[in-house]
S.K.: 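I have a structure here, written as structure tokens, and I will follow up with some questions on it.
Letters A, B, ... mirror the listed sequences (proteins, then strands); counts begin at 1. Not measured: the values here are computed from a predicted model.
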Amino acid sequence: MRRGETLLGLLGAAALMAAALLAPWLKFILTVALAKGIAVIGILLLLRAGQVSFGHALYVAMGAYTVAFLAPAMPDAAVLLPAGAAIATLTGLLIGLFVSRYREIFFGMLNLALSMVVYSLLEKLYDLTKGTDGIRVELPRFFGMALDRPGFEWAMFATALVLALAAGAFARLYLDSPMGQALSAIKTRETRLEFMGISARRVLLAAYVLSALLGGVAGAIIGMTTRHVTPLLAYWTASGELVFIAILGGAGSVLGPFLGAVTFELVRIYAGAAVADAWQMILGGVLLAVILFAPGGLWGMIAGLLRRRAGAAS
Amino acid sequence: MAEWFGDNSGLLGLALLDGLASAGLIFLVAVGLNLVFGVLRIINVAHGSLYAIGAYAAASVGIFFASAGLPAWASLPALVVAAALVGGILGPLIERLVLRRIYGQEEVLQLLVTFALFMILEDVQKLIWGVQPVQHDLAMRLLGTYDVPFAGDVVPFTAYQLFVLPGVALVVLVGLAWFLRRTLTGRVIVAVTTDREAATAMGIDARRVFLLTFTFGAMLAALGGALSSPTGAIVPGIGAQTIVLSFAVVATAGLGQTEGAALTALMIGLGRSIAVYFEPELEVVVPYIIMVAVLLVRPQGLFGSTVARRI
Amino acid sequence: MPPTDLSRRDLLAGAAGLTAGGLLMAGSDADAQPQRPAELKIGITTFLSGPASVFGVPGRQAAEMMVDEFNQQGGIGGVKVRALFVDEAPGTEHLVGEFRRLVQSEGVHVMFASISSGSCLACTPLSRDLQKTTVLWDCATQRIFEEGPQPFAFRTQGFATPEVLAPLLYLLKTKPDFRTMAVINQDYAWGRDSWEMWRTGMEALKPGVRIVAELFPRLGAPDFTTEITRLLAARPDVIFSGHWGGDLVTLARQAAERRLFERSTFVLPVAEASLPILGRTFPAGHVIGTRGDHWNNHPRPKDPARLRALNETYRARFNEAVIYPVHHMVQAFNALKAAYEKAIAAKGGGWPNDMELAAAFRGLTFDSPTASITLREDGQGLEDQIVGVSTHAEGTPYAIPKDMVIFPAAMVSTPVGMKSVDWLKTLKPDILAQVPAPISG
């Protein structure tokens, strides 16, 4: 299964590359999808601990708005991306110190509340944030090179792809490591973890800060790709989307988030263009079907297929 | 500080009146959400959609009554009829078709199922009632205005928002408290909320209670929507705004607290109207700041009881 | 999934996009010679859902009417026209994505964007990035052309500054003694900018007015109860509101119910489009603007027959009165046709590419239903402004303006190259002497 996962990951990356080459319009969608996938890896880590955050869009928004605010002064992706990630991570640390004490409903609710606080401030502090109109990001340089627009879009796509592979690989290593294994202990019987002398709170905090980092990276990429950031990036439905993608893709593998994100974005754009007032219903129906009939998500279905093929071969 | 209060007491009084109306609406949704969580242990994201569908249905029923030649005062009971219809039809439908399959599953999945329902119902609204604003304000215009004295002058309020909205909320609050404490069915619901295992062991059919509670909760949400419909235009998206605000109320009060929900709804409604008067930039953020502040100090909410951790 | 399901159109679009993009980027003027297309695709963004749809859907209807009219005459330059519509309501993020999709995936030849000033501020830089001519068919924000050159954006209608200055001058002439003022505007670019301009102009022409409340409810807010209570308590002499569409309908209904119109004089620069829906609920005696000179009963239209024909054709087809979004859409289509004809002529009959089309728009003259408009060198169109006072007249089921003043465009529009706020600061009270006399009825 492990080798299957790696192979599939590399194949997927190649397929995305081919798609971007053949249809330049898709590049834009795929870059955003990859970014969201990176954010959802963060959600995955928390899901391992049995905790759902309905407020992680907060970190995506932080990454994006950092890019928007800094871009006029330091217009280089090499600066903007780490800056967005750093601000999000710092925020995640501060918030995580409080939030990691809570579990389940309270965890989810507190995250929701905090993301709505940030959303509300972004929406109403017009003089600072230009409110619902959003902030436009002018084309930055890429590691000192002043690229034209198509060139920069390629650079962002490549960056997103590389970071996605990195995030997936890192997540797999992390989940295999003792810290990652401890996460599932929080889900099943947390006090036993404490009896072993491991601080459950610290384990969760580590995962939380990592998820904030990943969210910030995603937000920075989104900010530099769409080049228009609005408060809706922090709205509760955006957080819900991230969890949706996690379950759609399948929480059983680090490939899940990317499978889910690409599917979600493509369905949203094309269904939205075809049936503007029914695409939400379509996506909702898909989610319902997945949860009721295929709770392992897309990855679960693929893994099942592979296993059956391996079983039939032997 | 005291001086500020003295100078602005008139305005604060007006803010209280404004806050009452919106608090009443949000309370109706929150209390339904609370009931459902208490019994089914599911946070129903689609509750906001039930509110919105209640509003649309109320406008439709009202328009139908008017075209059928019924007198103007019938527009008020029309609202309750609409809410009962929506709750009575959609409640059992959702519970039987969807929720029943996910009892006992992981909480995440349950939450996401209701989120998926919410997405579906948002588009169902658009498909049935279209995307343009829907309006039927006969009930509000019927009752006219009431002049509230203010600083040697008067400020007209609509009688509907001053009396009907808080009035209905109060009736529901009192009625619900009496129902849960004094009637057999109510006590059964409380029993299932407190300890489902023990209740089932005593012979209570939990599944029937689930259906009943969810339907009732749906009716309450729809009632909130129905009551809001005469005051303004109904457009896509009000469900999403309402549900997140209700979460704020419910979490701040403590899950499962009826009277607490009323108080927090009032607090939040008041907070918003005060913000509009004195610091309009803060209007949207006030409910969530209250929520964060309370949850940080008392994670079980202002009135919730601490939950023992299982080892 | 897409890697295997690419349509030929996607491949061609991709290839064409890359080639055209590369050539255009190289800055060469002797560009690829495009073939005459099978159809002329116009991407149009408008509000199709939510409160603003009462304003946006008539725009769509007008577009459909114009497309049919043009196609009956053989299209533009012999090519049939097709409009693709996008909803602005889901928000700027969605719109930006759709703008790209229409340009890069659908391959539209020109974009008409948008109603909301927020949308325009987001789309105009995209027009520059993607090098696609974008006709700003309805949004008013003055910032577009004042914050930098926009070589691919052209506004075929007026803009915020004259729309705010004209009612201000009207108010100063008809009710010069007001002492207190309040504003209730939607919280986005138009709401914020229009208030800033009103305030600047007022301070230049009548300093010392006390502002008792500044309220900015969300765009699309369904309920103004608390704001109205605040305004009732504060009792300003004048209330300025740039509200439009369904929001204005809700605000006016709730305000009328609670007698706010009796306490304060409202100044509503863009009210005209909502008057038919409001009917007699909208009271008499308040200053209303028509966002330019788009009034069905324009007292002095350039071509009365043309205006009458538009009113009758639209009403016959859609069973509702013409409002100014309809005028704006008609203007955009007229401009498009004129531009293509100018570009084709300049090319000796060949089909123009994106650069040549944009060049044709500069300095273009085209017809509006009530006058004719010439675009300035910065891409901005100029329109006279009609401002009047609302009245209830026999035979019209809704409020209409009377005592109309037609402000000439040059008098109330910011000169090229200046920022509006700076220009407004330079105004002197003697400008009031230049205000033309009102035309009754």
S.K.: Checking an interface table here. Which of residues 115-134 of chain B come within a heavy-atom distance under 4.5 Å of chain A?
M.R.: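 B/F115, B/A116, B/F118, B/M119, B/I120, B/E122, B/D123, B/V124, B/K126, B/L127, B/V131, listed by number.
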
S.K.: Tell me, for A/L125 versus chain B, whether the close heavy atoms (under 4.5 Å) come from the side chain, the backbone, both or neither.
M.R.: both

S.K.: Can you name the residues of residues 242-252 of chain B that have some heavy atom under 4.5 Å away from a heavy atom in chain A?
M.R.: B/I243, B/V244, B/F247, B/A251

S.K.: Relative to chain B, which of A/V99, A/L112, A/L283 shows the most heavy atom pairs under 4.5 Å?
M.R.: A/L112

S.K.: When rounded to the nearest 0.5 angstrom, what is the spacing between OH in A/Y235 and CD in B/Q241?
M.R.: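 Taking OH in A/Y235 and CD in B/Q241, the distance rounds to 5.5 Å.
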
S.K.: Mind checking which of residues 47-61 of chain A sit less than 4.5 Å from chain B, heavy atom to heavy atom?
M.R.: A/L47, A/V52, A/F54

S.K.: Looking at B/L296, is its backbone amide N or carbonyl O close enough to the side chain of A/Y102 to form a donor-acceptor pair, meaning the two atoms are under 3.5 Å apart?
M.R.: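 Yes, because the side chain of A/Y102 sits within donor-acceptor range (under 3.5 Å) of the backbone of B/L296.
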
S.K.: What part of B/I290 gets closer than 4.5 Å to chain A, counting heavy atoms only: side chain, backbone, both or neither?
M.R.: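 Contact with chain A is absent: no heavy atom of B/I290 under 4.5 Å.
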
S.K.: Can you say whether B/P280 sits under 4.5 Å from chain A via the side chain, the backbone, both, or neither, judging by heavy atoms?
M.R.: backbone

S.K.: Write down the atom of B/I289, the atom of A/V117, and the distance for their closest heavy-atom approach.
M.R.: N-CG2, 3.8 Å

S.K.: Under the side-chain contact (heavy atoms from CB on, under 4.5 Å) rule, what do A/M109 and B/M291 come out as? Steps first, then yes or no, please.
M.R.: CA-CA 9 Å; A/M109 284 283 140; B/M291 187 180 170; 3.9 Å; yes

S.K.: Around B/R101, counting heavy atoms of other residues, nucleotides and ligands shown, do more than 12 lie under 6.0 Å from its CZ?
M.R.: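 No, the 6.0 Å shell around CZ holds no more than 12 heavy atoms from other groups.
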
S.K.: Does atom CZ of A/F98 have more than 12 heavy-atom neighbours, drawn from other residues, nucleotides or ligands, at distances under 6.0 Å?
M.R.: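 Result for CZ/A/F98: open.
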
S.K.: Once ring-ring contact (aromatic ring centres under 6.0 Å, His included) is applied, what residue pairs with a partner in residues 260-282 of chain B remain, sequence neighbours excluded?
M.R.: B/W4-B/F278

S.K.: Does CZ in A/R202 sit with more than 12 non-hydrogen atoms of other residues, nucleotides or ligands closer than 6.0 Å?
M.R.: no

S.K.: Based on non-hydrogen pairs under 4.5 Å, which of B/L112, B/L111, B/L109 is most in contact with chain A?
M.R.: B/L112

S.K.: Tell me, side chain or backbone of A/Y126 under 4.5 Å from chain B's heavy atoms, or both, or neither?
M.R.: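 Interface part for A/Y126: backbone (N, CA, C, O).
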
S.K.: With a 4.5 Å cut-off on heavy-atom pairs, point out which of A/A246, A/G240, A/G108 contacts chain B the most.
M.R.: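 Top count of heavy-atom pairs under 4.5 Å with chain B: A/G240.
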
S.K.: Apply the test side-chain contact (heavy atoms from CB on, under 4.5 Å) to residues A/L292 and B/I102: give CA-CA distance (whole Å), side-chain angles for both, the deciding distance (0.1 Å), then the verdict.
M.R.: CA-CA 8 Å; A/L292 293 178; B/I102 58 166; 3.8 Å; yes

S.K.: What part of B/V45 gets closer than 4.5 Å to chain A, counting heavy atoms only: side chain, backbone, both or neither?
M.R.: side chain

